[in-house]
Enquirer: 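Pasting a structure here, questions to come.
Given the structure is predicted, the values throughout are model-derived calculations rather than measurements.
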Amino acid sequence: MRYELVIFDNDGVLVDSEPLSNTILAAYLTELGHPTSYEDSLRDYMGGAVHRVHDTVLERTGRRLPEGFDEEFHARVFAAFARELEVVAGVPDMLAKLVAEGVPYCVASSGSHERIRVGHHKTGLDRWFPEGRVFSAQDVGRGKPAPDLFLHAAERMGVAPEHCAVVEDSPLGVRAARAAGMDVYGFTAMTPAAKLGTATGYFDDMGQLLGLLA
């Protein structure tokens, strides 16, 4: 394999959480007087950290979201995760092959550490991602589309950016990976390739990924 590190986004790439979390976010924002459809939420917030929601609402309406928004939103999301969250099809087999080939990997997510761990525990991915392989937007000052999170993950894993491959499913994530100077492969199960910008390559099934990285 020509890469020394594979960096995975989490939501939508490892766990099938985007439909759940964006449905909940759209409903909660609408409840608070900021009418938002599921499609709006995907377009504006998919792949971003929660501060992007605050910033966007304030910019558009001049109103701040209420204190406690993050806690309530996460509580609703975690409850849905506990009931319904599933691993993305093919991910465990793909990770097993990376391990067998001795290829280092990690996760770099816009979600909080708690969100990552809740999802991984529910889906069984925690066995594949010990503490030293989990990085969150909480760890850096700016989330995606800034490159900070991917650069932080690469530095902590001891690999130069140009030797990293990122696996992403959102336009924000693709932009962040490109800004970090990394190749990025767009997972198109939810987001069409045309919306993922300048990805290095595209795939719609986890069984195809290792062939692209070889």
Enquirer: With distance as the sole test, does Thr30 use its side chain to make a donor-acceptor pair with the main-chain N or O of Thr36 at under 3.5 Å?
Expert: yes
Enquirer: Would a 4.5 Å heavy-atom cut-off, applied to side chains only, mark Val88 and Phe187 as touching?
Expert: yes
Enquirer: Looking at every heavy atom in both Gly111 and Ser136, which two are closest together, and how far apart are they?
Expert: O-OG, 2.7 Å
Enquirer: Starting at CG of Leu149, measure out to OG of Ser109 and round the result to the nearest 0.5 Å.
Expert: 7.5 Å
Enquirer: Walk me through whether Lys122 and Val15 qualify under side-chain contact (heavy atoms from CB on, under 4.5 Å).
Expert: CA-CA 10 Å; Lys122 172 63 167 62; Val15 295; over 6 Å; no
Enquirer: Using atom types as modelled and distance alone, determine if a side-chain donor or acceptor of Glu168 lies under 3.5 Å from a backbone N or O of Val184.
Expert: no
Enquirer: To check you understand the geometry: which heavy-atom pair defines the closest contact between Ala180 and Leu151, and what is its length?
Expert: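 Smallest heavy-atom distance, with atoms named: O-CD2, 3.7 Å.
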Enquirer: Within a strict 4.5 Å, meaning less than it, do heavy atoms of the Leu210 and Met1 side chains meet?
Expert: yes
Enquirer: Shared ILVMFWY cluster between Val87 and Val134, side chains joined below 4.5 angstrom?
Expert: yes
Enquirer: So, do Val53 and Tyr28 sit near enough that their side-chain heavy atoms are less than 4.5 Å apart?
Expert: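 Answer no - side chains too far apart.
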Enquirer: Quick one: are Tyr105 and Val167 in side-chain contact, heavy atoms under 4.5 Å?
Expert: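 Answer no - side chains too far apart.
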Enquirer: Going by an N to O cut-off under 4.0 Å, is there a salt bridge joining Arg117 and Glu131?
Expert: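 Judged by the 4.0 Å cut-off on N to carboxylate O distance, Arg117 and Glu131 do form a salt bridge.
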Enquirer: Say whether, by atom type as modelled, one donor and one acceptor occur between the side chain of His74 and the main chain of Asp70 under 3.5 angstrom.
Expert: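 Checked: pair present.
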Enquirer: Step through the shown structure and confirm whether more than 12 heavy atoms of other residues, nucleotides or ligands are within 6.0 Å of CD on Glu155.
Expert: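 Incorrect, the count does not exceed 12.
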Enquirer: Taking only Lys NZ, Arg NE, NH1 and NH2, and the carboxylate oxygens of Asp or Glu, determine whether Arg156 and Asp139 approach each other closer than 4.0 Å.
Expert: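 So Arg156 does not pair with Asp139 through a salt bridge.
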Enquirer: How close do Gly173 and Lys144 get, counting heavy atoms only, and between which atoms?
Expert: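 Closest pair (atom of Gly173, atom of Lys144, distance): CA-CD, 4.0 Å.
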Enquirer: I need the minimum non-hydrogen distance between Leu196 and Pro171, along with the two atoms involved.
Expert: CD2-N, 3.7 Å
Enquirer: List the atom of Leu5, the atom of Ala154, and the distance in Å for their closest heavy-atom pair.
Expert: CD2-CA, 4.1 Å
Enquirer: Less than 4.5 Å apart, side chain to side chain, heavy atoms only: is that true for Met182 and Pro147?
Expert: no
Enquirer: Could you please spell out the steps behind the salt bridge (Lys or Arg N to Asp or Glu O under 4.0 Å) verdict for Glu39 and Arg43?
Expert: CA-CA 6 Å; Glu39 292 74 19; Arg43 181 194 66 224; over 6 Å; no
Enquirer: Does Lys97 pair with Glu101 as a salt bridge, N-O distance under 4.0 Å?
Expert: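 Not counted as a salt bridge, because no side-chain N and carboxylate O are separated by less than 4.0 Å.
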Enquirer: Specify whether Phe78 and Phe81 have parallel, tilted or perpendicular ring planes, treating 30° as the upper limit for parallel and 60° as the lower limit for perpendicular.
Expert: tilted
Enquirer: Decide whether Phe129 and Val159 are clustered together by the hydrophobic rule: side chain heavy atoms of Ile, Leu, Val, Met, Phe, Trp, Tyr closer than 4.5 Å, transitively.
Expert: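 Per the 4.5 Å side-chain linkage, Phe129 and Val159 are not co-clustered.
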Enquirer: Using a cut-off of 6.0 Å, state whether more than 12 heavy atoms not belonging to His54 lie near its atom NE2.
Expert: yes
Enquirer: Taking atom CD of Glu31 as the centre, report whether more than 12 heavy atoms of other residues, nucleotides or ligands fall under 6.0 Å from it.
Expert: yes
Enquirer: Output the distance between atom CZ (Arg2) and atom CG (Leu213), rounded to the nearest 0.5 Å.
Expert: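 Rounded to the nearest 0.5 Å, the CZ-CG separation comes out at 7.0 Å.
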Enquirer: How long is the gap from OG1 on Thr123 to CG on Asp16, to the nearest 0.5 Å?
Expert: 10.5 Å
Enquirer: Take Arg63 and His34 through the side-chain contact (heavy atoms from CB on, under 4.5 Å) test and state the conclusion after the steps.
Expert: CA-CA 10 Å; Arg63 296 160 50 200; His34 304 286; 3.5 Å; yes
Enquirer: Show every side-chain hydrogen bond (donor to acceptor under 3.5 Å, both in side chains) that has at least one partner inside residues 199-213, sequence neighbours left out.
Expert: Arg178-Thr200, Asp204-Gln208
Enquirer: Got Ser170 and Thr191 here, is their nearest side-chain heavy-atom distance under 4.5 Å?
Expert: no
Enquirer: For side-chain contact (heavy atoms from CB on, under 4.5 Å), just list the numbers for Val103 and Tyr3, CA-CA rounded to whole Å, side-chain angles, deciding distance to a tenth of an Å, and then say yes or no.
Expert: CA-CA 8 Å; Val103 179; Tyr3 298 103; 5.9 Å; no
Enquirer: Does the side chain of Leu29 come within less than 4.5 Å of Phe69's, by heavy atoms?
Expert: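 Phe69 vs Leu29: side chains touch.
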Enquirer: If you take all heavy atoms of Ala146 and Ala176, which pair is closest and at what distance?
Expert: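 Looks like O-CB, 3.4 Å.
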Enquirer: Counting only heavy atoms not in Glu72, do more than 12 sit closer than 6.0 Å to its CD atom?
Expert: yes
Enquirer: Would you compute the distance between atom OH of Tyr45 and atom CG of Asn22 and round it to the nearest 0.5 angstrom?
Expert: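 Rounded to the nearest 0.5 Å, the OH-CG separation comes out at 10.5 Å.
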Enquirer: Please report the interatomic distance CZ(Arg83) to CG(Leu85), rounded to the nearest 0.5 Å.
Expert: 11.5 Å
Enquirer: Between Leu125 and Leu209, is there a shared hydrophobic cluster once you connect ILVMFWY residues whose side-chain heavy atoms come closer than 4.5 Å?
Expert: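 Result: yes, single cluster for both.
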Enquirer: Nearest 0.5 Å, please: how far is CD in Gln138 from CD1 in Ile116?
Expert: 7.5 Å
Enquirer: Please check if Met94 and Phe203 belong to a single hydrophobic cluster, counting links between Ile, Leu, Val, Met, Phe, Trp and Tyr side chain heavy atoms closer than 4.5 Å.
Expert: yes
Enquirer: Decide whether Met157 and Val13 are clustered together by the hydrophobic rule: side chain heavy atoms of Ile, Leu, Val, Met, Phe, Trp, Tyr closer than 4.5 Å, transitively.
Expert: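 Shared cluster, no.
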Enquirer: Let's go through Ser110 and Asp11 carefully: what are the C-alpha distance in whole Å and the side-chain angles of both, what is the deciding distance for side-chain contact (heavy atoms from CB on, under 4.5 Å) to 0.1 Å, and is it a yes or a no?
Expert: CA-CA 8 Å; Ser110 292; Asp11 293 294; over 6 Å; no
Enquirer: Does the pair Arg52/Asp55 count as a salt bridge with the N-to-O cut at 4.0 Å?
Expert: no
Enquirer: Taking the six-membered ring for Trp, are the ring centroids of Phe135 and Phe150 within less than 6.0 Å of each other?
Expert: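 No, too far apart.
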Enquirer: Check whether any side-chain heavy atom of Arg115 lies under 4.5 Å from a side-chain heavy atom of Asn10, and answer yes or no.
Expert: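 Not in contact.
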